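Below, read A as the first sequence line, B as the second, and so on, with proteins coming before strands; counting in each chain starts at 1. On a predicted model such as this, the values are computed, not experimentally measured, just so you know.
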2 protein chains.
Amino acid sequence: MSEFPNDTTIEAWVMLHRANRKLLEEVSAALKRHSLPPLDWYDVLLELHRVGDAGLRQFEVGDKILLSKHNLSRLIDRLEKQALVRREATAEDGRGNRIKITADGKKVLRKVWPVYAESIQQEFGDKLSAQEATQLARLLGKVLA
Amino acid sequence: MSEFPNDTTIEAWVMLHRANRKLLEEVSAALKRHSLPPLDWYDVLLELHRVGDAGLRQFEVGDKILLSKHNLSRLIDRLEKQALVRREATAEDGRGNRIKITADGKKVLRKVWPVYAESIQQEFGDKLSAQEATQLARLLGKVLA
DNA sequence: TGTATATAGTTGCAAATACAACCAGATGTA
DNA sequence: TACATCTGGTTGTATTTGCAACTATATACA
């Protein structure tokens with residue numbers, strides 16, 4: 001039953017993009033100030049860290065961080081060149097490979113997190129009560145469903 | 001008083017980016033399916049349309065859509081090449097110019113809106129009640145403040 | 001007034017992104 | 001088995017972005 005969106009919907013939509021862009025900009029700036037790698041790197045490394053030794057197939061990483069496969073392929077290239085991850089051939093599927101985080105990769109995670117976290121807290125946490133954050137997450141969850 | 005963000009904050013933060021990326025992807029895909037120009041173009045044209053004949057200074061456009069000045073400069077180049085906007089020298093400041101939307105630019109707005117609107121409604125409006133949309137806008141507003 | 005500094009906008013260059021074409025290897029089906 | 005189709009991943013090319021340097025005008029202030 002899709003009709004045209006009402007004004008409230010449009011308002012929320014616009015706010016979402018504006019908020020996202022602003023926050024992203026601020027976090028990126030913070031990372032850069034500290035000469036740390038870009039946020040995407042962190043996202044990938046974090047997902048890999050979460051699953052431990054098993055690693056992830058490339059497409060699984062893509063699903064998690066919503067990045068298209070060609071971009072991901074080259075992002076992994078860059079990470080691999082810095083020895084933060086490595087690609088391992090896998091028996092389960094002759095085409096693909098498993099991506100695993102290296103010790104250096106974990107080191108990067110540890111170095112980035114404090115800066116990232118501070119930035120999240122300043123731009124986000126300080127501006128919402130715990131209750132509001134929960135509510136926001138719930139609403140966004142509905143959008144994502 | 002910035003401490004480390006609690007889990008709820010992080011959760012909301014992640015959801016925000018995920019939602020944004022997903023929605024953006026879907027809208028872009030819809031626009032492309034209809035061979036329409038990218039969303040950025042729409043954003044700029046819409047802002048220019050809103051202010052009417054006066055037009056906007058380039059930096060004003062940048063403030064509204066949160067785009068850095070060099071990117072904006074080239075985005076305007078592209079729009080101008082398609083004759084959707086034009087740059088006019090202004091007396092108020094010898095450095096800058098005023099950007100104004102052209103009749104062709106308005107035509108593009110009219111062509112894009114139905115597709116954009118349908119996409120917003122499907123991916124966003126249909127998933128939230130009016131009340132929820134209002135609430136979401138309010139929460140995002142606090143983040144942006 | 002003259003000099004320093006800030007601001008608006010552009011441009012060169014390097015890096016990242018999007019898109020389409022492609023190469024396996026996997027899967028479905030006759 | 002053989003053939004078509006699908007999927008995971010890579011690569012070439014064009015476009016867009018990010019960064020830094022630059023031009024030119026405005027503004028602040030001694």
5'-most contact on DNA chain C: A:Leu67 or A:Arg95, nearest heavy atom basis? A:Leu67
Quick check: any donor-acceptor pair below 3.5 Å linking the side-chain of A:Arg74 to the base of D:dG12? yes
Across all chains, not counting sequence neighbours, the salt bridge (charged side-chain N to carboxylate O under 4.0 Å, His left out) partners of A:Arg98 are A:Glu92
With respect to the side chain of [X], which nucleotide from [options] is positioned closest?
X       : options                : result
B:Asn71 : C:dA8, D:dT17, C:dT10  : D:dT17
A:Gln58 : D:dT16, D:dT10, C:dT17 : D:dT10
A:His70 : C:dG25, C:dT10, D:dT11 : D:dT11

Taking the side chain as every heavy atom from C-beta outward, state whether B:Arg18 and B:Val14 have any atom pair closer than 4.5 Å. yes
What is the distance, to the nearest angstrom, from the CG atom on A:Leu31 to the C1' atom on D:dG18? 15 Å
What nucleic acid atoms does [X] come within less than 4.0 Å of, heavy atoms only: base, sugar-phosphate, or nothing?
X       : answer
B:Arg87 : sugar-phosphate
B:Asn97 : sugar-phosphate
A:Asp77 : nothing

Would you say the side-chain atoms of B:Ser119 pair up with the backbone N or O of B:Ala30, donor to acceptor, closer than 3.5 Å? no
Looking at B:Ser73, I'd like to know whether one of its side-chain N or O atoms comes within less than 4.0 Å of OP1 or OP2 on C:dG9. no
What is the ring orientation for B:Trp13 with A:Phe124, classed by angle as parallel under 30°, tilted 30 to 60°, or perpendicular over 60°? perpendicular
